[in-house]
Amino acid sequence: MAAPKTKPYSKKLKEAMNQKSEILSKAQALWEVGMTETAQPLWLSAANYEEHIAPILDALGRELEGAVHRISAASCYEKAGDPSKAVNLYRAALAGPLRDDTRQEVEDMLSACLVALNP
């Protein structure tokens, strides 16, 4: 059976990915210098972009890429202090296709998030 064909990125998707990358870079830079409160709205914005991008990639036949963007969204929500949304997205990523090593890493991230929800 032939592998399903993937479709190219649309101009709109490329723009969203570029905007997300800029926001993510700013959030990471602020986070690294200890400005976590200033970074929080940027993490949330990046997470929203990632959540928007993931299903578009799925629709283009790029499910593995979609899963990676869900993992990124979960990580952003976690850094923004919203472990509940992070848990949901880690679980969504685990429901899709992942490499074995990535799957184990996501399971570990999910476990850490669940601990944070139930101290």
Side-chain angles (χ1 to χ4, degrees):
M1 179 186 243
K5 297 240 181 195
T6 58
K7 297 177 185 174
Y9 297 152
S10 68
K11 182 179 178 184
K12 189 174 180 179
L13 177 58
K14 286 180 188 178
E15 289 171 0
M17 292 173 89
N18 287 336
Q19 289 173 329
K20 179 269 309 179
S21 292
E22 287 179 28
I23 294 166
L24 198 53
S25 293
K26 289 176 187 174
Q28 187 65 40
L30 290 168
W31 182 268
E32 288 177 6
V33 298
M35 298 177 72
T36 56
E37 286 185 29
T38 305
Q40 187 174 17
L42 294 173
W43 288 124
L44 290 172
S45 180
N48 284 327
Y49 271 100
E50 294 287 37
E51 277 191 286
H52 175 75
I53 291 167
I56 295 170
L57 290 168
D58 291 344
L60 294 174
R62 298 171 177 265
E63 291 86 2
L64 184 58
E65 288 177 67
V68 170
H69 284 270
R70 285 181 183 88
I71 295 165
S72 178
S75 177
C76 290
Y77 278 125
E78 195 172 357
K79 288 177 179 152
D82 193 343
S84 178
K85 282 189 178 179
V87 164
N88 289 336
L89 285 159
Y90 285 137
R91 285 186 171 151
L94 288 167
L98 291 173
R99 293 190 316 241
D100 290 339
D101 57 333
T102 304
R103 183 170 301 280
Q104 184 57 55
E105 289 176 25
V106 174
E107 287 173 356
D108 293 344
M109 290 184 273
L110 173 59
S111 293
C113 243
L114 289 169
V115 168
L117 279 172
N118 192 17

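These figures come from a predicted structure and were not determined experimentally.
Two residues are said to be in side-chain contact when any heavy atoms from C-beta on lie closer than 4.5 Å; E105 and I71 fail this criterion. Contact annotation: the side chain of R103 never approaches that of P97 to less than 4.5 Å [non-hydrogen atoms, C-beta and beyond]. Looking only at side-chain heavy atoms (C-beta outward), H69 and D58 stay at 4.5 Å or farther from each other.
Contacts classified as side-chain hydrogen bond (donor to acceptor under 3.5 Å, both in side chains) and involving residues 107-116 (residues at least two apart or in different chains) are given here: Q104-D108. Residue pairs satisfying the ring pair (Phe, Tyr, Trp, His ring centres under 6.0 Å) criterion with at least one member in residues 28-62, sequence neighbours excluded, are listed as follows: W31-W43. Note on residues 35-44: no pairs pass salt bridge (Lys or Arg N to Asp or Glu O under 4.0 Å), not counting sequence neighbours. Sorted by first and then second residue, the salt bridge (Lys or Arg N to Asp or Glu O under 4.0 Å) pairs involving residues 8-34 (not counting sequence neighbours) are K20-E50. Within the structure, the salt bridge (Lys or Arg N to Asp or Glu O under 4.0 Å) test picks out the following pairs touching residues 90-102 (sequence neighbours left out): R99-D101.
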Let me have the donor-acceptor pairs involving side chains of residues 78-85, under 3.5 Å, with sequence neighbours excluded, atom names and distances please.
from : atom 1 : to  : atom 2 : distance (Å)
E78  : OE1    : Y90 : OH     : 2.7
D82  : OD1    : K85 : N      : 3.3

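Rounding to the nearest 0.5 angstrom, the gap separating the CG atom in L13 from the CG atom in N18 is 9.5 Å. We find the OG-CD distance between S72 and E51 to be 10.5 Å, quoted to the nearest 0.5 Å.
A search for salt bridge (charged side-chain N to carboxylate O under 4.0 Å, His left out) contacts involving E65 returns R62, not counting sequence neighbours. Considering only residues two or more places apart in sequence or on other chains, S21 meets the side chain to side chain contact (heavy atoms under 4.5 Å, CB included) condition with none of them.
Think of L89 as one node in a network of Ile, Leu, Val, Met, Phe, Trp and Tyr side chains linked at under 4.5 Å; its network also takes in L44, Y77.
Taking each heavy atom of A46 and L24 in turn, the nearest pair found is CB-CD1, 3.9 Å. The nearest pair of heavy atoms linking L98 to L64 is CA-CD1, 3.8 Å. Contact record, A47 with C76: CB-CB, 3.7 Å, taken as the closest heavy-atom pair. Nearest heavy-atom pair, A54 versus G66, reported as atom, atom and distance to 0.1 Å: CB-O, 3.4 Å. T6 approaches G61 most closely through the heavy-atom pair CG2-O, 3.1 Å. Closest approach of A27 to A39, counting heavy atoms only: O-CB, 3.7 Å.
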Exercise for review: Check the pair T102 / V68 against side chain to side chain contact (heavy atoms under 4.5 Å, CB included), numbers first and verdict last.
Suggested key: CA-CA 9 Å; T102 304; V68 170; 5.8 Å; no
